[in-house]
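Hydrogens, waters and symmetry mates are skipped; everything else that's a heavy atom, side chains included, is used.
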Amino acid sequence: MNWKQLISNKRFGLESLHTKRKEDRTEFQRDYDRLIFSAPFRRLQNKTQVFPLPGSIFVHNRLTHSLEVSCVGRSLGNQVAARLLERCPELSATHLSEIGAIVSAACLAHDLGNPPFGHSGEKAIGTYFSEGKGQELRSLVSEAEWEDLIHFEGNANAFRLLTHQFQGRRPGGFVMTYSTLASIVKYPFSSALAGKKQKFGFFLSEEQDFVRIADELGMLRLSPAGAPVRYARHPLVYLVEAADDICYQVMDIEDAYKLKILSEEEIKRLFLGFVQEEKRGHVLEICRMVDDVNEQVAYLRSTVIGVMIQACADTFLAHEAEILAGTFEGSLIQRVPDGVRQAYEDCARTACQKIYCSKEVLDIELAGYRVITTLMELMMDAVRFPEKAYSQLLIQRMSAQYEVQSPSLYGKIQAVLDYISGMTDVYALDLYRKIIGNSLPAV
């Protein structure tokens, strides 16, 4: 792969238009702005990241997480771009200097496809088909369509949201640039290759859209003709992934401290693990300059993020040739220097043992699972049997943009998935309560 082809400002859905714009913003900055002002992005403010929302103590939701990931991604991208241009000055006439803007926009978009209630929402949708009432649909859809359904994935759903032409929306969905779209596809292969991790990058309905983007950008196709689609990652995916890895791990630890799941001693030990031993004295001296423990933790958190950005940028540049050749394995986090990686793994172990299994997190997962499963069962029956009176009432609750009249069963199922995955936690819970009769409109 080569940088000149990989960074393109061509817009998906507007390829035939060559409108001359006033150059107050680059096309990649326009991507960022379109996302910020979009309704799906605003809805992230009421979608669970890890801990229940809302509460008396502020913790991260999907929106604040995405904004922070975007900031870290911009720093990573800018640092990588500057050093690549030093290494290859002949690329100065390309869009390479815009890597920071591309990664920042992709980071904003990376969670747009996630359903309500965090990862439990994804699991609930997938297991509705693999274990629940949805099993009866197995013989009514193709093998490829069934793989999409049982492996439902927020990343693939984000790509659909950004590229699919929903009814009433402009051509090509958000009409994002090719490079921004490619940078959010963390798993550039079809659901047939999802494997044990249950991960893939695009639904069957958007497969040809992804192929078109990947081929335009010169991404390496790894699968032969006739086999399930698989490409090497676009190089900027590694930076988006690293920004996400940095933020969710570090911020989950800080949120756990605020909720008293972790003690002051535990969080300081975890964060100081990222600092080289000869520099810890200086860092602790700065900490002691403020009395507020929360401010001390915030300073340590910013120090950790700075260390991780530097380590990931260095790793990306050290392995640039492998990344462009499509042979780089794993994530940047897994290849950073040993001391930083061990500190990160220490945080990950603590999160698994004390955060993700905590009562607060399990409660929201249990509740979310029940809400999503119930809505799936009712809405799926409604689109399959629209002639029923109750089905009509449920369908009338859906916006006209959702294609419930699709000629195929797969299309009808996707309409339900589009509707439910776009809900906020509060909207899904409110609709669930009304449907089961626990909450009635005021009279």
Side-chain angles (χ1 to χ4, degrees), residues 11-13 28 30-50 53 60-74 101-122 125 148 152-166 168-170 172-188 199-203 205-206 209-210 213 234 236-237 239-241 243-244 247-248 368 372 399 401-402 414-428:
R11 290 199 170 278
F12 182 83
F28 308 113
R30 291 177 193 276
D31 282 349
Y32 183 96
D33 295 348
R34 286 183 182 186
L35 289 163
I36 282 284
F37 285 95
S38 70
F41 184 75
R42 288 196 298 274
R43 286 197 290 269
L44 293 179
Q45 70 182 307
N46 197 236
K47 287 193 176 187
T48 298
Q49 174 65 16
V50 173
L53 302 172
H60 287 80
N61 54 39
R62 289 279 177 188
L63 185 139
T64 52
H65 167 72
S66 296
L67 288 169
E68 289 171 347
V69 174
S70 182
C71 288
V72 171
R74 183 182 63 238
I102 298 168
V103 174
S104 183
C107 288
L108 277 188
H110 83 285
D111 270 351
L112 280 187
N114 285 66
F117 306 109
H119 292 296
S120 63
E122 282 181 298
I125 292 174
D148 278 0
F152 179 84
E153 228 288 323
N155 291 102
N157 203 42
F159 186 76
R160 173 175 170 80
L161 182 63
L162 292 172
T163 57
H164 187 70
Q165 186 180 345
F166 292 93
R169 198 179 282 175
R170 55 187 165 184
F174 279 62
V175 292
M176 307 293 283
T177 62
Y178 276 38
S179 291
T180 297
L181 288 171
S183 297
I184 70 164
V185 184
K186 191 174 176 180
Y187 312 102
K199 301 293 187 181
F200 66 103
F202 41 83
F203 297 118
S205 49
E206 284 74 50
D209 293 334
F210 176 78
I213 291 167
H234 189 286
L236 299 190
V237 170
L239 299 181
V240 174
E241 179 183 47
D244 188 29
C247 287
Y248 86 75
I372 294 291
S399 168
Q401 70 174 306
Y402 302 114
Q414 282 192 306
V416 172
L417 298 182
D418 292 334
Y419 177 52
I420 292 177
S421 64
M423 293 179 180
T424 64
D425 293 17
V426 170
Y427 183 93

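Under the 4.5 Å side-chain criterion, counting only non-hydrogen atoms from C-beta, Asn157 is not in contact with Asn114. Annotation: side chain of Ile36 is in contact with side chain of Leu67 (closest heavy-atom distance under 4.5 Å). At a threshold of 4.5 Å between non-hydrogen side-chain atoms, the residues Leu112 and Leu35 count as touching. Side-chain contact check for Ile372 versus Ile125: some heavy-atom pair is nearer than 4.5 Å. Looking only at side-chain heavy atoms (C-beta outward), Val416 and Ile420 come within less than 4.5 Å of each other. Between Asp31 and Arg11 there is a side-chain heavy-atom pair separated by less than 4.5 Å. Side-chain atoms of Ile184 and Leu162, non-hydrogen and from C-beta on, do get closer than 4.5 Å to each other.
Evaluation of the side-chain hydrogen bond (donor to acceptor under 3.5 Å, both in side chains) rule for Tyr419 yields Tyr427 as partners, not counting sequence neighbours. Not counting sequence neighbours, the partners of Ser205 by the side-chain contact (heavy atoms from CB on, under 4.5 Å) test are Arg160, Phe203, Tyr410, Gln414. Partners of Ser104 under the side-chain hydrogen bond (donor to acceptor under 3.5 Å, both in side chains) rule, at least two apart in sequence or in another chain, are Ser70.
The shortest non-hydrogen separation linking Ala182 to Ile213 is CB-CG2, 4.2 Å. When all heavy atoms of Ala106 and Val240 are compared, the pair lying nearest together is CB-CG2, 3.7 Å. When every heavy atom of Gly113 is checked against every heavy atom of Ser421, the shortest pair comes out as O-CB, 4.2 Å. The shortest non-hydrogen separation linking Val69 to Asp244 is CG1-N, 3.7 Å. Nearest heavy-atom pair across Phe202 and Pro188 is CE2-C, 3.8 Å. Of all the heavy atoms in Gly201 and Phe159, the pair that sits closest is O-CB, 3.9 Å.
The backbone N or O of Phe174 lies less than 3.5 Å from a partner atom in the side chain of Arg34, making a donor-acceptor pair. Side-chain atoms of Glu122 do not come within 3.5 Å of backbone N or O of Glu153 as any donor-acceptor pair. Arg42 contributes a side-chain N or O that, together with a main-chain N or O of Phe37, makes up a donor-acceptor pair within less than 3.5 Å. Within the 3.5 Å criterion, the main-chain N or O of Leu161 finds no donor-acceptor partner in the side chain of His164.
Separation of atoms CG (Asn46) and OG1 (Thr424) is listed at 4.5 Å; rounding is to 0.5 Å. Annotation: the span from Thr177 atom OG1 to Ile102 atom CD1 amounts to 6.0 Å, rounded to 0.5 Å. If you take CZ on Arg43 and CG on Asn61, they are separated by 14.5 Å, rounding to the nearest 0.5 Å. The CG atom of Leu236 sits 12.5 Å away from the CD atom of Glu241 when rounded to the nearest 0.5 Å. A distance of 5.0 Å separates CD of Glu206 from OG1 of Thr163, quoted to the nearest 0.5 Å. To the nearest 0.5 Å, atom CG of residue Leu417 and atom CZ of residue Phe152 are 5.5 Å apart.
Between Ser183 and Thr180, the side chains place no donor N or O within less than 3.5 Å of an acceptor N or O (distance only, hydrogens not considered). Side chains of Glu68 and His65: a donor-acceptor N/O pair is absent below 3.5 angstrom, by distance only.
Taking the six-membered ring for Trp and thresholds of 30 and 60 degrees, Tyr178 and Phe12 have ring planes inclined between 30 and 60 degrees apart.
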Assess whether ring pair (Phe, Tyr, Trp, His ring centres under 6.0 Å) is satisfied between Phe200 and Tyr187, documenting all intermediate values. CA-CA 5 Å; Phe200 66 103; Tyr187 312 102; 8.7 Å; no
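Ion pairing between a basic and an acidic side chain is recognised when a charged N comes within 4.0 Å of a carboxylate O; Asp425 and Lys47 show no such pairing.
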